[in-house]
Amino acid sequence: MTSTPPLKLYNTLTCSKQDFLPLDPANVRMYVCGPTVYDFAHIGNARPVIVFDVLFRLLRHIFGAEHVTYVRNITDVDDKINARAAQDFPGLPLNDAIRAVTETTAARFQADAKALGCLEPTREPRATDNIAEMIAIIGKLIAGGHAYAAAGEVLFSVGSMPDYGRLSGRRLDEQQAGARVAVEAHKRNPADFVLWKLSAENEPGWESPWGRGRPGWHIECSAMSHRYLGETFDIHGGGLDLIFPHHENEIAQSRCAFGTGAMANIWMHNGFLRVEGEKMSKSLGNFVTISDLLETEKFGGRKWPGEVLRLAMLKTHYRQPIDWTVKALEEAERTLDKWYLKLRQSNIDINALPDDDLDEEFMGALRDDLNLAEAIAQLYAVFGDRDMHQSLPASGLASARLIGLLQHTPNEWEEMKRGRLNLDTNKIGSLITARLAARAAKNFTESDRIRDELVALGIQIQDSKDPVTGELKTVWEVKR
RNA sequence: GGCCUCGUGGCGGAGUGGCUACGCAGAGGACUGCAAAUCCUCGUAUCCCAGUUCGAUUCUGGGCGAGGCCUCCA
């Protein structure tokens with residue numbers, strides 16, 4: 001604790017890296033926009049989940065696990081959910097159908113996040129459990145002259161906030177010139193956005209002072225962050241695309257409702273993801289969900305361990321665009337194979353690792369706005385060092401585990417790979433025995449034939465010779 | 001049209017006002033019956049044009065190129 005360099009984070013609000021100084025070191029508070037649960041999360045959705053999980057882990061390390069509160073919401077009220085519910089469960093009453101959609105997709109999302117090695121957030125509130133909070137904030141906004149009811153909606157009045165648009169670097173007058181915002185007669189300003197809208201009979205709704213209706217998208221996050229983190233908190237994160245309008249509008253709502261100068265001090269945004277060089281979209285047919293990757297053979301003709309997905313995601317700086325390719329996943333898996341092999345040779349008990357002894361250069365890179373590319377390069381150095389054959393430094397291993405890698409034992413890792421292929425270990429054993437016999441008899445034609453057969457089964461063998469007795473030995477592993 | 005990123009070796013991807021990481025792929029070697037794995041060694045890059053500077057890949061300006069946002073899409 002003597003003179004640790006500060007954590008630096010890039011702040012979208014100031015367009016610069018700045019030292020992170022929490023409002024209250026005893027309770028560091030972070031909010032990240034979670035998924036709208038109308039469909040299974042795609043691999044692009046996984047990026048903020050993983051990136052902010054790393055930040056969560058880092059903050060816990062720096063400030064103490066019990067001093068960090070991480071809130072990631074689940075948006076379970078949304079018109080897309082309604083449409084999905086009606087489409088997928090036409091026989092059910094709408095409320096039941098909606099619940100069926102949101103329960104399934106939310107559970108799937110949580111399972112995905114776990115498979116990707118992410119810790120559970122401190123809180124994972126649902127929008128539908130926080131309607132009262134939203135109504136209270138809307139009431140404050142109306143009372144303060146920041147919102148008005150018109151034509152069955154309650155709208156936020158952007159003109160009531162002098163520096164609206166600061167986060168996204170937009171000015172209201174330019175917005176209007178852009179002409180892409182629909183001008184609607186009931187809006188005072190074309191950029192005014194919905195806080196509450198009335199629901200028809202066949203739409204989900206909650207009673208409110210303005211009639212039975214449902215919240216606009218942005219108000220949910222203002223409500224949930226306020227309830228769990230307060231009027232002003234430390235870090236707000238999400239994808240790049242949320243800067244405008246979502247985060248801009250959250251800021252407007254929260255600051256105007258509570259009369260504060262800031263909703264969050266630092267705004268962080270992760271970059272987008274492309275798939276094999278192209279934008280991911282359903283029309284291009286390259287839309288890939290997290291569960292597709294984990295449990296089907298849709299991407300690259302095979303399943304992928306969550307840890308491979310995690311490493312592949314972390315090898316690119318979080319603010320850079322990332323190209324999601326089969327090649328990158330294969331490379332990530334090879335790297336993990338090597339590290340697990342090293343770990344197996346080291347005889348370190350991963351359950352007895354100190355969590356305060358970490359590689360200094362690794363930590364330096366992490367503290368520099370989560371420079372994971374450089375941090376991971378440090379891990380290559382740690383795991384690749386020849387002299388470390390027998391003594392992998394515990395600090396290197398603990399470093400990898402800090403960012404959620406190497407969460408398994410080497411045996412578990414190998415088992416996962418074997419399980420993926422449904423291998424018949426007895427058959428493999430007898431083939432290897434037969435091959436050893438052929439080699440002993442110098443029948444190399446036969447031994448090579450057996451090796452080809454094993455390769456066809458996805459097995460890679462490695463021959464060795466006992467240095468003392470000269471005895472031939474063969475070990476095998478799942479082919480990389 | 002407005003705003004914002006970014007252009008580094010064959011590929012991915014960092015940092016830096018002077019000597020440019022790391023990984024993959026590639027080359028040579030050791031080992032092997034031959035392989036594989038492992039180990040040793042090695043090569044190759046900073047979009048273009050100006051400017052600032054003793055010196056720029058790094059700073060400034062312009063150009064070209066790529067991507068994103070401006071549509072409740074992470």
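Note: hydrogens, waters and symmetry copies are ignored here, and every other heavy atom, side chains too, is used. Proteins come first, then strands; the chains are lettered A, B, ... in the order of their sequence lines, and each starts at number 1.
Pairing for B:C3 goes to B:G68, judged as Watson-Crick or G-U wobble with the two contacts each under 3.5 Å. Under the Watson-Crick or G-U wobble criterion, with both distances below 3.5 Å, B:U38 is paired with B:A30.
Taking atom CG of residue A:L341 and atom C1' of nucleotide B:C39, one finds them 13 Å apart after rounding to whole Å. Taking atom CG of A:N249 as the reference point, atom P of B:U71 lies 11 Å away to the nearest angstrom. To the nearest angstrom, C1' of B:A74 lies 12 Å from CG of A:N73. A:L379 places its CG atom 12 Å from the P atom of B:G23, with the value rounded to the nearest Å. Separating the CZ atom of A:R166 from the P atom of B:C69 is a distance of 24 Å, rounded to the nearest angstrom. Taking atom CD on A:E477 and atom C1' on B:U38, their separation rounds to 11 Å, with Å as the unit. Rounding to whole angstrom units, NZ of residue A:K17 and C1' of B:A14 are separated by 11 Å. Distance A:L240 CG to B:A74 P: 13 Å, rounded to the nearest Å.
No option in A:H269, A:M313, A:M268 other than A:M268 meets the side chain to side chain contact (heavy atoms under 4.5 Å, CB included) test with A:Y318.
Taking atom P in both B:U57 and B:G7, the straight-line distance is 15 Å, to the nearest Å. Nucleotides B:G33 and B:G43, compared at atom C1', are 32 Å apart to the nearest Å. Using P as the reference atom, B:C49 and B:A74 are 43 Å apart when rounded to the nearest Å. Remark: the separation of the C1' atoms in B:A30 and B:G17 is 43 Å, to the nearest Å. B:U53 sits 46 Å from B:C39 when the C1' atoms are compared, rounded to a whole Å. On the P atoms, B:A21 is 35 Å away from B:U32, given to the nearest whole Å. The gap from the P atom of B:U46 to that of B:C3 amounts to 32 Å, rounded to the nearest Å. For the C1' atom pair drawn from B:C59 and B:C24, the interatomic distance equals 33 Å after rounding to whole Å.
As judged by a 4.0 angstrom heavy-atom cut-off over every strand, A:R435 is placed among the base-contacting residues. Heavy atoms of A:Q320 sit under 4.0 angstrom from primed sugar atoms or phosphate atoms, though from no base atom. At a threshold of 4.0 angstrom between heavy atoms, the contacts of A:G238 are confined to the sugar-phosphate backbone, with no base atom among them. Nucleic acid contact class of A:I376 (heavy atoms, under 4.0 Å, all strands): none. Nucleic acid contact for A:S168: sugar-phosphate only, since backbone atoms but no base atoms lie under 4.0 Å from a heavy atom of the residue.
Here the side chain of A:E331 is nearest to one of B:G23, B:A74, B:G13, namely B:G23. Distances from the side chain of A:D463 to the nucleotides B:A35, B:A74, B:C72 place B:A35 closest. Listed nucleotides: B:A35, B:C72, B:C6. Nearest to the side chain of A:K197: B:C72. The A:D241 side chain lies nearest to B:A74 when the options are B:A21, B:A74, B:C72. The side chain of A:H317 approaches B:A14 more closely than any other nucleotide in the set B:A14, B:A74, B:G33. Residue A:K465 places its side chain closer to B:G33 than to any other of B:C24, B:G33, B:C69. For A:E374, the listed nucleotide lying nearest its side chain is B:G15; candidates were B:G15, B:A36, B:G68. Of the candidates B:G68, B:A14, B:A36, the closest approach to any side-chain atom of A:Q462 belongs to B:A36. With distances taken from any side-chain atom of A:F244 to the nucleotides B:C69, B:A36, B:C72, the minimum falls on B:C69. With B:G33, B:A74, B:C69 as the choices, the nucleotide that has an atom nearest any side-chain atom of A:R439 turns out to be B:G33.
Donor-acceptor pairing under 3.5 Å is lacking for the side chains of A:S447 and A:R439. A side-chain N or O of A:D79 and one of A:N82 form a donor-acceptor pair less than 3.5 Å apart. Under the 3.5 Å distance criterion, with hydrogens and angles disregarded, a donor-acceptor pair is assigned to the side chains of A:R344 and A:N411.
With hydrogens and angles ignored, no donor-acceptor pair under 3.5 angstrom links the side chain of A:D323 to the base of B:G12. Judged by distance alone, with hydrogens and angles left aside, A:R334 brings no side-chain donor or acceptor close enough to the base of B:C24 to form a pair under 3.5 Å. At a cut-off of 3.5 angstrom, counting only N and O atoms as typed in the model, there is a donor on one side and an acceptor on the other between the side-chain of A:R451 and the base of B:A35.
Annotation: cation-pi pair A:R72/A:F52 absent, no NZ/CZ under 6.0 Å from the ring centroid and within 45° of its normal.
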For this session: Begin from the C-alpha positions of A:D292 and A:K298 and carry the test salt bridge (charged side-chain N to carboxylate O under 4.0 Å, His left out) through to its verdict.
Result: CA-CA 6 Å; A:D292 282 343; A:K298 286 185 189 169; 3.2 Å; yes

For this session: Would you please test A:E446 and A:R449 for salt bridge (charged side-chain N to carboxylate O under 4.0 Å, His left out) and show each step?
Result: CA-CA 5 Å; A:E446 173 65 3; A:R449 188 196 64 73; 3.2 Å; yes

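Checking the phosphate oxygens (OP1, OP2) of B:A66, no side-chain nitrogen or oxygen of A:R274 falls inside 4.0 Å. Under 4.0 angstrom from either OP1 or OP2 of B:C24 there lies at least one side-chain N or O belonging to A:K338.
Evaluation of A:Y380 against the base of B:G23 yields no stacking contact (centre distance < 5.5 Å, interplanar angle < 30° required).
Taking the six-membered ring for Trp and the full ring otherwise, the centers of A:W324 and A:F272 sit at least 6.0 Å from each other.
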